[in-house]
Structure formats: C-alpha cells, structure tokens
Novice: 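Pasting a structure here, questions to come.
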Amino acid sequence: MRHYAFLILLAVLLVGCRSGDPEEGQADAIDWVDFVKWNGVEYHGIHTGILADKNAVGEKVGQVTFTVAGHITEPSYKPKDGDAAFYGKGTGLYAVKEHPGLLAVRDKQAKNGYKLYYSTKAGGYRWHFDNVPIEKVIRAEVFPDGQKQGRSISGSDLKHLLKLLTTSEPVDSFTPNTQEEGVSYHIVLYTGEAVAYQYSVQYDGITYYWHPWDTAILDDDIKPFLESQVE
C-alpha cells in the first residue's frame with residue numbers, strides 16, 4: 001500500500017515538473033521588435049520605407065556587438081548599446097546625412113545595401129501610407145518580391161498609379177483566394193527625401209489588394225503597372 005502511495009506521489013511530482021515547461025518555452029520564443037540600440041537610443045526598423053539613395057549614408061558610427069534573438073530568453077532584459085534584435089556581431093551602423101534621427105544598418109539584402117531605423121526618441125512612426133505627401137511624389141518604382149530593381153514610373157502614368165492607390169477600397173473582412181499561388185509586388189514612392197515609401201501589393205489570381213492600414217482592394221487597372229514585372 002505504501003509502495004502504491006509512493007508511485008502516486010512520484011507521478012504528481014513529474015506532472016508538476018512538466019507543467020513548468022510551457023513557461024520555459026515562452027521565454028525561449030520572445031517576439032523581439034526589430035531594433036538596434038546605439039548611444040543610449042533605441043532605433044526601430046522602418047518596414048515601409050527604404051533608403052532612397054545610398055549617397056545619403058554618412059560616416060560609420062559603430063557596429064553591432066550582440067544579437068539578442070536566440071541568446072536572450074529573459075523578457076525583462078534591457079538592451080544595451082550595440083545590441084540588435086537580429087543583426088550579427090560586427091554589422092556596421094551608419095549615420096544618415098542631415099537626418100540625426102535615422103540610422104542606416106549595413107544589409108546586403110536591402111535595397112541600396114542598407115536598412116533604415118528611426119529613433120524612438122524622435123517621435124512616432126511616420127511612414128504609413130497616410131503620411132505620404134502625395135503631391136511631392138516625383139516617381140515610383142514597381143518590382144516583384146525577391147527583386148531589388150524594377151520599372152520606373154513618372155509623368156501621367158505616375159498620376160494614374162497614385163490615384164489607384166489613394167482610391168483603393170478598404171474592406172472590413174477579406175479572404176484571399178487560395179486556389180492559386182499568390183504573387184507579391186513592391187511599390188516604392190520617391191519624394192526626394194532620404195527615405196522612400198515602400199508598400200506591398202498582393203494578387204491572389206482574382207483580386208489585387210494591399211494593406212495601407214487596413215486591407216484595401218485595388219482596381220484591376222493596376223494590373224498593367226505590375227504584370228510586366230513578372231518574368
């Protein structure tokens with residue numbers, strides 16, 4: 001009888017130990033925001049903007065000294081100078097000319113070779129589509145996902161493209177067609193500033209749509225601007 005009671009107690013203890021595993025798993029899977037910390041300032045990645053001209057990159061100010069993703073499992077960890085969410089040790093950090101609130105990080109995968117980050121001390125995120133000064137857009141570029149160069153659009157074609165984007169129809173709910181393989185494109189809007197605005201457009205075989213904020217449906221007239229980009 002005592003032996004039976006001991007087995008029950010042992011089983012309870014084992015279950016108790018296992019119940020702690022999910023918490024450990026959660027700690028291991030911290031969803032880090034894309035950041036770099038330098039000179040006491042935390043910079044966050046600009047995911048709807050790219051470096052418009054690599055000549056805007058200034059001098060090197062430092063480099064990444066530690067990658068937190070995959071190494072830090074404590075949610076209360078406070079980033080230190082030189083920390084980056086995903087970039088490896090030694091990745092170069094550069095100033096952006098005439099833009100002290102921006103930081104350029106060397107990234108061979110990014111257009112023009114650098115990814116831009118903004119100072120969280122200099123204000124909020126300013127690269128949503130609603131922030132685009134439409135009247136200042138001087139040209140656009142369209143290219144398929146996975147490429148860095150594409151078709152340049154200006155003049156009357158640019159006006160037409162901008163009208164299609166600004167008159168897209170927001171929808172409360174939308175389920176893409178999954179019967180066909182979707183295609184993704186990037187549209188970059190240049191205003192003459194260091195940061196160009198970049199947005200993705202998807203095509204599910206039936207509908208063109210994008211996410212300027214909420215999901216919005218684009219007129220089929222956007223097709224000529226996109227279809228020639230697919231090889």
Side-chain angles (χ1 to χ4, degrees), residues 24-133 136-141 143 145-150 184 186-200 211:
E24 294 178 4
Q26 291 174 3
D28 290 339
I30 298 176
D31 189 13
W32 292 101
V33 65
D34 184 11
F35 80 91
V36 174
K37 188 165 185 178
W38 188 251
N39 279 343
V41 178
E42 192 166 300
Y43 294 80
H44 288 184
I46 302 177
H47 58 273
T48 55
I50 64 169
L51 180 68
D53 184 349
K54 62 182 179 181
N55 290 321
V57 177
E59 63 180 6
K60 185 176 182 179
V61 297
Q63 64 183 27
V64 174
T65 57
F66 182 69
T67 308
V68 298
H71 296 92
I72 297 297
T73 58
E74 177 52 59
S76 62
Y77 175 79
K78 295 182 179 181
K80 303 176 180 63
D81 277 357
D83 283 2
F86 308 112
Y87 285 106
K89 183 178 180 180
T91 301
L93 309 177
Y94 297 79
V96 179
K97 297 175 183 176
E98 300 181 9
H99 292 275
L102 297 179
L103 194 66
V105 179
R106 194 75 176 93
D107 187 336
K108 294 181 180 180
Q109 301 302 315
K111 190 173 176 65
N112 289 321
Y114 298 84
K115 183 173 180 179
L116 294 176
Y117 288 71
Y118 72 98
S119 166
T120 55
K121 286 188 175 181
Y125 193 87
R126 306 187 303 278
W127 296 274
H128 298 296
F129 185 67
D130 284 347
N131 299 124
V132 178
K136 294 184 178 180
V137 177
I138 54 178
R139 73 181 181 92
E141 188 176 15
F143 51 93
D145 187 37
Q147 296 187 19
K148 296 181 181 180
Q149 302 295 329
S184 181
H186 297 291
I187 296 179
V188 182
L189 306 177
Y190 295 89
T191 62
E193 294 295 326
V195 184
Y197 301 82
Q198 177 175 276
Y199 306 96
S200 296
H211 308 281

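Bear in mind the structure is a predicted one, so any value in this text is a computation, not a measurement.
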Novice: Check side-chain hydrogen bond (donor to acceptor under 3.5 Å, both in side chains) between His128 and all other residues, then give those that pass, not counting sequence neighbours.
Specialist: none
Novice: Check whether the ring centres of Tyr125 and Tyr118 lie less than 6.0 Å apart, and answer yes or no.
Specialist: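 Yes, they do, as the ring centres are separated by less than 6.0 Å.
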Novice: Can you list the steps and then say if Leu93 with Val64 is a side chain to side chain contact (heavy atoms under 4.5 Å, CB included)?
Specialist: CA-CA 7 Å; Leu93 309 177; Val64 174; 4.1 Å; yes
Novice: Counting only heavy atoms not in Lys148, do more than 12 fall under 6.0 Å of its NZ?
Specialist: yes
Novice: I'd like to know if the side chain of Arg126 reaches the main chain of Asn131, judged simply by a donor and an acceptor atom lying under 3.5 Å from each other, with no hydrogens or angles considered.
Specialist: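 Not confirmed, Arg126 side chain does not pair with Asn131 backbone.
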Novice: Report yes or no: does Gln198 contribute a side-chain atom to a donor-acceptor pair with the main-chain N or O of Gly49 at less than 3.5 Å?
Specialist: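 Absent.
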Novice: Would you confirm whether Ser119, through its side chain, and Lys121, through its main-chain N or O, come within 3.5 Å as a donor-acceptor pair?
Specialist: yes
Novice: Checking ring-ring contact (aromatic ring centres under 6.0 Å, His included) against Tyr94, which of Tyr114, Trp38, Tyr43 comes through?
Specialist: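 Single ring-ring contact (aromatic ring centres under 6.0 Å, His included) partner of Tyr94 among Tyr114, Trp38, Tyr43: Tyr114.
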Novice: Roughly how far, to the nearest 0.5 Å, is the NE2 atom of His71 from the OG1 atom of Thr73?
Specialist: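 Answer for the OG1-NE2 pair, Thr73 versus His71, is 11.5 Å.
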Novice: Find out whether Tyr190 and Ile50 are in side-chain contact, i.e. whether some heavy atom of one side chain is under 4.5 Å from a heavy atom of the other.
Specialist: yes
Novice: Begin from the C-alpha positions of Val188 and Tyr197 and carry the test side chain to side chain contact (heavy atoms under 4.5 Å, CB included) through to its verdict.
Specialist: CA-CA 6 Å; Val188 182; Tyr197 301 82; over 6 Å; no
Novice: Is the count of non-hydrogen atoms from other residues, nucleotides or ligands lying under 6.0 Å from Lys60 atom NZ greater than 12?
Specialist: yes
Novice: Using the rule given for side chain to side chain contact (heavy atoms under 4.5 Å, CB included), can you reason through Val57 versus Lys97, listing the C-alpha separation, both sets of side-chain angles and the distance that settles it, and then say yes or no?
Specialist: CA-CA 6 Å; Val57 177; Lys97 297 175 183 176; over 6 Å; no
Novice: If you compare all heavy atoms of Ala84 against all heavy atoms of Val36, which two are closest, and at what distance to 0.1 Å?
Specialist: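 Nearest heavy atoms, Ala84 then Val36: CB-CG2, 4.1 Å.
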Novice: Please give me the minimum heavy-atom distance between Ala194 and Val96, naming the atom from each residue.
Specialist: CB-CG1, 4.2 Å
Novice: Aromatic ring centroids of Tyr117 and Phe35 under 6.0 Å?
Specialist: no
Novice: For the residue pair Gly192 and Ile138, what are the closest heavy atoms and their distance?
Specialist: N-CD1, 4.0 Å
Novice: The test is side-chain hydrogen bond (donor to acceptor under 3.5 Å, both in side chains); show your working for Glu193 and Thr191 and say whether it passes.
Specialist: CA-CA 5 Å; Glu193 294 295 326; Thr191 62; 5.4 Å; no
Novice: Go through the steps to decide whether Asp81 and Val41 satisfy the test side chain to side chain contact (heavy atoms under 4.5 Å, CB included), and finish with yes or no.
Specialist: CA-CA 8 Å; Asp81 277 357; Val41 178; over 6 Å; no
Novice: Which is it for His186 and Tyr199 under the ring-ring contact (aromatic ring centres under 6.0 Å, His included) test, yes or no, and what are the steps along the way?
Specialist: CA-CA 6 Å; His186 297 291; Tyr199 306 96; over 10 Å; no
Novice: Search all heavy atoms of Leu189 against all heavy atoms of Val132 and return the closest pair with its distance.
Specialist: CD1-CG1, 4.1 Å
